[in-house]
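Heads up: numbering here begins at 1 and tracks the sequence. What's counted below: heavy atoms across the whole structure, side chains too, no hydrogens, waters or symmetry copies.
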Amino acid sequence: MRTTEQIPAQEPARQFHYMEVARDLVQKKAEEAGRPLSFFVQTFGCQMNARDSEKLRGILQHIGFVPGEDETADFVLYNTCTVRENANQKVYGRLGYLQTLKRKNPSMFIALCGCMMQEPEVLQTLRDKYTFVDLVFGTHNIFKLAELIVRALEQHEMLIDVWKDTDMIVEDLPVDRKYSFKSGVNIMFGCNNFCSYCIVPYVRGRERSRNPRDIIREIESLISEGVREVMLLGQNVNSYGKNLDPQVTFAELLETIAGIDGLDRIRFMTSHPKDLSEDLIRVMAEHPKICRHLHLPLQSGSTEILRRMNRRYTKEQYLELVDRIRAAVPDISLTTDIIVGFPGETEADFQETLDVVRRVRYDSAFTFIYSKRTGTPAAVMENQVPDEVIKDRFGRLLAEVQEIGREQTARFTGQTMPVLVEQQNEQDPALVTGRLDTNAVVHFPGDPSLIGQIVDVYLAECRGFYYLGEMRNQELPSS
Ligand code: 5AD
Ligand code: SF4
C-alpha cells in the first residue's frame with residue numbers, strides 16, 4: 001500500500017496519486033474476493049451527464065474495476081438529474097432496490113452524484129432514510145472520484161462531498177468513451193440565465209468556459225483515436241467565452257474547430273435563442289462540417305409567458321431568428337424543447353405555442369409538463385395550472401409535434417445522403433443504423449464493419465421518425 005505522506009497539492013497530479021492508492025485498495029479487495037471487482041454507472045438526464053459518466057467510468061476502469069452488466073455489480077454509481085421532480089422520484093425508487101441488493105452483498109459500494117445531489121433537501125433525505133449509501137458527491141467535483149472512494153473506504157460511513165460552486169476545471173483525467181467514432185466535448189459548465197422554472201443554475205453553478213486551447217487539444221487527441229464527430233456541450237453554448245480573458249465568442253471557437261483536419265462532423269447543444277449571433281449563423285452556413293441541425297429551445301410561444309419565464313425574447317423575435325437561420329442554412333433541421341402548463345398559462349398562451357410549432361415546423365420536439373422545482377421563482381408563482389388542463393394541452397401539443405415531425409423528417413426521401421454508421425440495428429442484425437447530419441436516423445442493410453464510417457445511403461422510405469435506405473456503391477473512405 002502506498003503511503004499518504006506525499007500527496008500532490010495540484011490537480012490533476014493529486015488525482016493521479018489517489019488513483020494509485022485506490023488501485024491498490026481495489027486490487028486487495030479483488031484478491032480477497034478471488035475475482036475482479038465490477039462497476040455499473042447509471043446515467044439519468046442530459047448529454048452533459050452522459051459525458052460526465054464517461055469521465056467517471058474512465059476513472060473507475062483506471063483504478064481496476066471492470067465493467068459490470070447491472071446493479072448487481074460491486075460498485076454502483078447513479079449519476080442523477082433533477083431538472084424535473086419525477087427524475088428525483090425515479091432515483092429514490094431505484095435506491096430501494098439497491099438496498100435489497102446490498103443486504104445480500106454487504107461489501108457492495110453505492111455512490112450517488114450529479115445534479116440531484118446539489119439540492120440540500122436531497123442530502124437531508126439521504127442522511128435520514130438512505131444511510132446504506134456510501135458516497136455522495138455533486139456536479140463540481142466528479143474529477144475527485146478516486147480520492148473520494150479512498151476516503152469513503154477509510155471512514156466506513158456515508159461520505160458527503162458536495163460543493164456549492166467552483167471555478168476549477170480539471171483537465172486530462174481518464175475517460176471511457178461510449179463510442180469510438182464520436183464524442184461529446186464540454187466547452188463550458190454551468191448557466192447564468194436563471195429561467196424562472198429551471199433549477200440548473202442552482203445545481204450546476206455559474207458559467208465557466210474551458211480555454212479554447214484545451215478544447216482544441218482534446219479534439220485533436222480524439223481525432224487521433226479515431227473520432228470523426230464531436231458534440232460541443234454546454235447549457236448555453238452561445239454565451240461561451242464571456243468569462244475568458246481575452247474573450248472568445250462561440251462563433252470564433254466553432255470556426256477554429258471547423259478548421260481542424262480529420263474531423264467530419266461538428267454538432268453543438270444547447271443554444272439559447274437570445275444569444276444566437278449573426279456570426280454563428282454565418283459560420284454554420286460557411287462550414288459544411290457543421291451539421292445542419294440546431295436545437296433551439298422555445299419553451300413557450302407566448303410572449304407573456306416567455307417574459308415570466310425570464311427567457312428574454314418574444315415570440316416575434318424567435319420566429320424572426322428562425323427565418324434568418326433558414327435563409328442562411330436551407331434544409332436545416334430544427335428541434336426544440338417546450339414546456340406545457342407554466343404557471344398562469346392560458347388557453348390563448350397555449351395557442352401561441354401551437355402557432356409557433358406550426359410555423360417553424362420542427363423535425364422533433366421534446367415536450368415537458370411543467371414541474372415545480374422548489375427554490376425557483378416559478379415555484380411560488382400564482383395560478384399554477386390544474387393537472388387535467390395540462391394533460392389535455394400536452395396531448396394536443398404532442399399530436400401536433402408528431403405529425404409535423406413525421407412530415408419534416410420525410411423531406412429527404414428519394415435523395416442519397418452521407419450517413420455516419422453508429423451501430424448494428426438492435427432488432428435486425430442484417431441492418432446497421434446511422435445518422436444524417438440533420439440527426440435523422442437511417443437503417444440500411446450492411447455489416448458491422450461499417451460502424452464509424454461515413455457512407456452514402458439512398459433514402460428509399462421514411463417511416464415516421466426514421467428512414468430505411470440502401471447503401472450506394474462507393475469507395476469506402478479510408479479510416
Ligand atoms: N419543468 C419542466 N420542464 C423543465 N425543463 C427545465 N426545467 C423544467 C421544469 N421545471 C425543460 C426545459 C429545458 C429542458 C432541458 O428541460 O424545456 O430546455
Ligand atoms: Fe435552465 Fe434556462 Fe439555463 Fe437552460 S438556459 S439551463 S433552461 S436556466
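- Considering all non-hydrogen atoms of both residues, Arg373 and Tyr197 come closest at CG-O, 3.9 Å.
- Taking the side chain as every heavy atom from C-beta outward, Asp214 and Asp172 never approach each other to under 4.5 Å.
- Of the possible polar contacts, one joining the Arg435 side chain to the Asn439 backbone as a donor-acceptor pair under 3.5 Å is found.
- For Glu352 and Ser300, the side-chain atoms include no donor-acceptor pair closer than 3.5 Å.
- A donor atom on one side chain and an acceptor atom on the other are not found under 3.5 Å apart for Gln118 and Arg204.
- Counting heavy atoms from C-beta on, the side chains of Asp161 and Val136 never come closer than 4.5 Å.
- Side-chain N/O atoms of Gln351 and Asp355 include no donor and acceptor closer than 3.5 Å.
- Across all their heavy atoms, Arg265 and Leu420 have their closest contact at NH1-CB, 3.4 Å.
- The distance between the ring centers of Phe44 and Tyr78 falls below 6.0 angstrom.
- Enclosure of atom CD in Glu316 by more than 12 non-hydrogen atoms of other residues, nucleotides or ligands within 6.0 angstrom is indicated.
- A donor-acceptor contact under 3.5 angstrom links the side chains of Thr346 and Asp349, judged on distance only.
- Counting non-hydrogen atoms of other residues, nucleotides and ligands closer than 6.0 Å to OH of Tyr92 gives a total above 12.
- The cationic atom of Lys182 (NZ for Lys, CZ for Arg) lies less than 6.0 Å from the six-membered ring centre of Tyr179 and within 45° of the ring axis.
- With ring centers used as reference points, His443 lies under 6.0 Å from Tyr466.
- Ser333 and Thr438 form no side-chain donor-acceptor contact under 3.5 Å, judged by distance and modelled atom types alone.
- Remark: the backbone N or O of Pro201 is paired with a side-chain donor or acceptor of Arg206 at under 3.5 angstrom.
- For Glu225, the CD atom is densely surrounded, since the number of other residues' heavy atoms within 6.0 Å is greater than 12.
- Looking at Pro297 and Arg311, their side chains come closer than 4.5 Å, going by heavy atoms from C-beta outward.
- Using modelled atom types, one finds no donor on one side chain facing an acceptor on the other under 3.5 Å when comparing Thr409 with Asp363.
- Residues Met188 and Arg208 have side chains not in contact (no heavy-atom distance under 4.5 Å, counting atoms from C-beta outward).
- With no hydrogens or angles considered, a side-chain donor-acceptor pair links Lys55 and Asn186 at under 3.5 Å.
- The shortest distance between side-chain heavy atoms of Gln408 and Tyr362 does not fall below 4.5 Å.
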Item to check | CA sep, side-chain torsions, deciding dist, call: Ser53, Asn79, side-chain hydrogen bond (donor to acceptor under 3.5 Å, both in side chains) | outcome: CA-CA 7 Å; Ser53 288; Asn79 186 6; 3.0 Å; yes
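- Put simply, the side chain of Asn192 gets close to the backbone of Glu207: a donor and an acceptor are under 3.5 Å apart.
- The main-chain N or O of Glu407 is never found under 3.5 Å from a side-chain atom of Glu403 such that the two would form a donor-acceptor pair.
- The neighbour count for Glu426 CD, taken as heavy atoms of other residues, nucleotides or ligands under 6.0 Å away, does not exceed 12.
- Using a 3.5 Å distance cut-off with no hydrogens or angles, the side chains of Thr82 and Asn88 do pair a donor with an acceptor.
- More than 12 heavy atoms of other shown residues, nucleotides or ligands fall within 6.0 angstrom of atom CD in Gln89.
- For the residue pair Trp163 / Asp165, no side-chain donor-acceptor distance below 3.5 Å is found, with atom types taken as modelled.
- A distance-only check finds no donor-acceptor pair linking the side chain of Ser364 to the backbone of Thr335 [under 3.5 Å].
- Phe368 has its ring centre no less than 6.0 Å from the ring centre of Phe394.
- Phe194 has its ring centre less than 6.0 Å from the ring centre of Tyr202.
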Item to check | Verdict with reasoning, Phe109 to Phe39, per ring pair (Phe, Tyr, Trp, His ring centres under 6.0 Å) | outcome: CA-CA 9 Å; Phe109 192 101; Phe39 74 91; over 10 Å; no
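- Nearest heavy-atom pair, Asp337 versus His295, reported as atom, atom and distance to 0.1 Å: OD1-NE2, 3.0 Å.
- Each of Thr303, Leu306, Leu319 was compared with Thr314 under the side-chain contact (heavy atoms from CB on, under 4.5 Å) criterion, and only Thr303 meets it.
- Remark: the backbone N or O of Lys164 is paired with a side-chain donor or acceptor of His140 at under 3.5 angstrom.
- Here the shortest heavy-atom pairing between Ala378 and Pro343 reads O-CG, 3.7 Å.
- Defined by atom type and a distance below 3.5 Å, a donor-acceptor pair is missing between the side-chain atoms of Gln235 and Asn193.
- With hydrogens and angles disregarded, a donor-acceptor distance shorter than 3.5 Å links the side chain of Tyr313 to the backbone of Leu298.
- Counting only distance, with no hydrogens or angles, the side chain of Thr256 and the backbone of Glu252 share a donor-acceptor pair below 3.5 Å.
- Two residues are said to be in side-chain contact when any heavy atoms from C-beta on lie closer than 4.5 Å; Phe75 and Leu60 meet this criterion.
- For Asn236 and Asp275, the side-chain atoms include at least one donor-acceptor pair closer than 3.5 Å.
- In this structure, the side chains of Leu436 and Tyr467 come closer than 4.5 Å at one or more pairs of heavy atoms.
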Checklist entry - Going through the checks in order, is the salt bridge (charged side-chain N to carboxylate O under 4.0 Å, His left out) test met by Arg51 and Glu54? => result CA-CA 5 Å; Arg51 182 64 180 156; Glu54 292 187 342; 2.7 Å; yes
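- Summarising the geometry of Val237 relative to Ser271, their closest heavy-atom pair is CG2-OG, 4.1 Å, with the distance given to 0.1 Å.
- Closest heavy-atom contact between Gln384 and Tyr370: OE1-CE2, 3.4 Å.
- With no hydrogens or angles considered, a side-chain donor-acceptor pair links Ser209 and Asn243 at under 3.5 Å.
- With contacts defined as side-chain heavy-atom distances shorter than 4.5 Å, the pair Arg177/Leu222 qualifies.
- A cation-pi arrangement is absent between Arg308 and Phe342, since the terminal nitrogen or guanidinium carbon is not both under 6.0 Å from the aromatic centre and inside a 45° cone about the axis.
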Next on the checklist: Evaluate Glu229 against Arg267 for salt bridge (charged side-chain N to carboxylate O under 4.0 Å, His left out), listing each step before the verdict.
Outcome noted: CA-CA 8 Å; Glu229 174 179 308; Arg267 300 184 186 280; 3.0 Å; yes
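- Contact check on Lys289 versus Asp264 returns no salt bridge, with no Lys/Arg side-chain nitrogen under 4.0 Å from an Asp/Glu carboxylate oxygen.
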